[in-house]
Chemist: 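Okay, here's the structure, questions in a sec.
Note that the structure is a prediction, hence the values are computed from the model and not measured. Scope of the values below: all heavy atoms of this structure, side chains included, with no hydrogens, waters or symmetry mates. Each chain gets a letter, A, B and so on, in the order the sequences are listed, and its residues count up from 1.
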Amino acid sequence: MAKAKGAIVVDTEKCKGCGVCVSTCPTQVINLAADVNGKGYHYAYMGNPDACIGCANCGVICPDTCITVYRAKPVKA
Amino acid sequence: MSDTNTIISPENLIYKKTDVLLDNTMHYCPGCSHGTVHKLIAEVIDELGIQETTIGIAPVGCSVLAYNYIDIDWQEAAHGRAPALATAVKRLMPEKNVFSYQGDGDLAAIGTAETIHACNRGENIVMIFINNGIYGMTGGQMAPTTLPGMPASTCPAGRDVSHDGAPIKISELLAQLPGTCYVTRQAVHTAANVRKAKKAIRKAFENQQANKGTSLIEVVSTCNSGWKMSPVQANKWMEEHMFSYYPLGDLKDE
């Protein structure tokens, strides 16, 4: 299993479930949840966290800016 | 999962919401390009350190409430009159960074005269133009920028050019005027395009600081509610149909 290099945190209450992040993710990390948030939207979450490379494309494209992106620093050998 | 939990720590942070963008939840529909462009403007203001000296001019249209989202000073203009108000603000306070934010119904329809004359006078302002080819707020009516054959609530069979005329290419029009220094057309449907659009907005603000004249940034956008598509479908439709009529890229850069 690939070792995750990145991770995202979604503000699930602010997310409107537009799915733009899902389509922009190059490694298919993000899914829309089966559950809904307080406003009735299927919010985004990390469905496949191991594949995240921390490219920040989802954060950059999110119209509601509800994704925070982290990327692990390369470990020195 | 343990990997993910160790990665989420402040030293690994690479992208978060800028503080210039307020925490209010935007009223825009899911996937609306307005939110992305608001974010880019806020990020540019943050990076240039001009939060205290920037005045935005809000339009009439979906983005009428833009002042609720970006933490700067704002003025609300009458419909289409944002360039005229921006002119006044900039002339009275030349040390401020002034930008107008308008949609196509505002900038290219009711406000065409103000737009053209502000650009012709070379007012030292930044104009952000959101072009989604439709009147979004009022229910998806045909706009001057609606594509030939594109359905809208007032032309359900599609725009008939023989009856309604061809869509206005406002950026091409304004690029001919000597007052404009920078006219560019961008989009925010992919992460790469968002990054390019941000560079363009930054350049426009830098042009203003260098007293170069009017900078216009057109952002070809989607209106997924008005177009009756999902946000992802709307982005695809825009790529397939809008870009051939409204090609992306710089039209003028002096």
Chemist: Provide the closest heavy-atom pair for Thr65(A) versus Leu21(B) in the form atom of the first, atom of the second, distance.
Modeler: OG1-CD2, 3.5 Å
Chemist: Looking at every heavy atom in both Thr68(A) and Leu13(B), which two are closest together, and how far apart are they?
Modeler: CG2-CD1, 3.3 Å
Chemist: Checking heavy atoms, do the side chain of Val60(A), its backbone, both or neither come under 4.5 Å from chain B?
Modeler: both
Chemist: Is there a side-chain contact between Thr25(B) and Lys39(A), using heavy atoms and a 4.5 Å cut-off?
Modeler: yes
Chemist: Where on Asn57(A) is there a heavy atom nearer than 4.5 Å to chain B: the side chain, the backbone, both, or neither?
Modeler: both
Chemist: Looking only at heavy atoms, which two atoms of Pro30(B) and Cys18(A) are closest? And how far apart?
Modeler: C-CB, 3.6 Å
Chemist: Any idea which heavy atoms bring Pro49(A) and Thr4(B) closest together, and the distance?
Modeler: CB-OG1, 3.5 Å
Chemist: Would one find more than 12 heavy atoms of other residues, nucleotides or ligands at under 6.0 Å from atom NZ of Lys169(B)?
Modeler: yes
Chemist: Report yes or no: does Lys5(A) contribute a side-chain atom to a donor-acceptor pair with the main-chain N or O of Ile7(B) at less than 3.5 Å?
Modeler: no
Chemist: Looking at side-chain heavy atoms only, is the closest gap between Ile61(A) and Val188(B) below 4.5 Å?
Modeler: no
Chemist: Quick one: what part of Leu40(B) sits under 4.5 Å from any heavy atom of chain A, side chain, backbone, both or neither?
Modeler: neither
Chemist: Below 4.5 Å from any heavy atom of chain A, which atoms of Ser9(B) appear? Answer side chain, backbone, both or neither.
Modeler: backbone
Chemist: Is the NZ atom of Lys196(B) crowded by more than 12 outside heavy atoms at less than 6.0 Å?
Modeler: no
Chemist: Check Ile14(B) against Arg71(A) and note the closest heavy-atom contact, atom names and distance.
Modeler: CD1-NH2, 3.5 Å
Chemist: Taking CD in Glu52(B) as the centre, count heavy atoms belonging to other residues, nucleotides or ligands within less than 6.0 Å. Is the count above 12?
Modeler: no
Chemist: With a 4.5 angstrom heavy-atom cut-off, is it the side chain or the backbone of Cys15(A) that approaches chain B, or both, or neither?
Modeler: neither
Chemist: Could you check which of Glu43(B), His38(B), Lys39(B) has the highest count of heavy-atom pairs closer than 4.5 Å to chain A?
Modeler: Lys39(B)
Chemist: Apply side chain to side chain contact (heavy atoms under 4.5 Å, CB included) to Met26(B) and Lys16(A), showing your working.
Modeler: CA-CA 10 Å; Met26(B) 295 191 186; Lys16(A) 294 176 185 164; 4.1 Å; yes
Chemist: Quick check on Glu11(B) against chain A: is it the side chain, the backbone, both or neither that has a heavy atom closer than 4.5 Å?
Modeler: both
Chemist: Output the option from Lys16(B), Arg195(B), His34(B) having the highest count of non-hydrogen pairs under 4.5 Å with chain A.
Modeler: Arg195(B)
Chemist: Looking only at non-hydrogen atoms, find the nearest pair between Gly59(A) and Tyr15(B) and report the distance.
Modeler: O-CE2, 3.2 Å
Chemist: Measure distances from His189(B) to the heavy atoms of chain A and classify the residue's part below 4.5 Å as side chain, backbone, both or neither.
Modeler: backbone
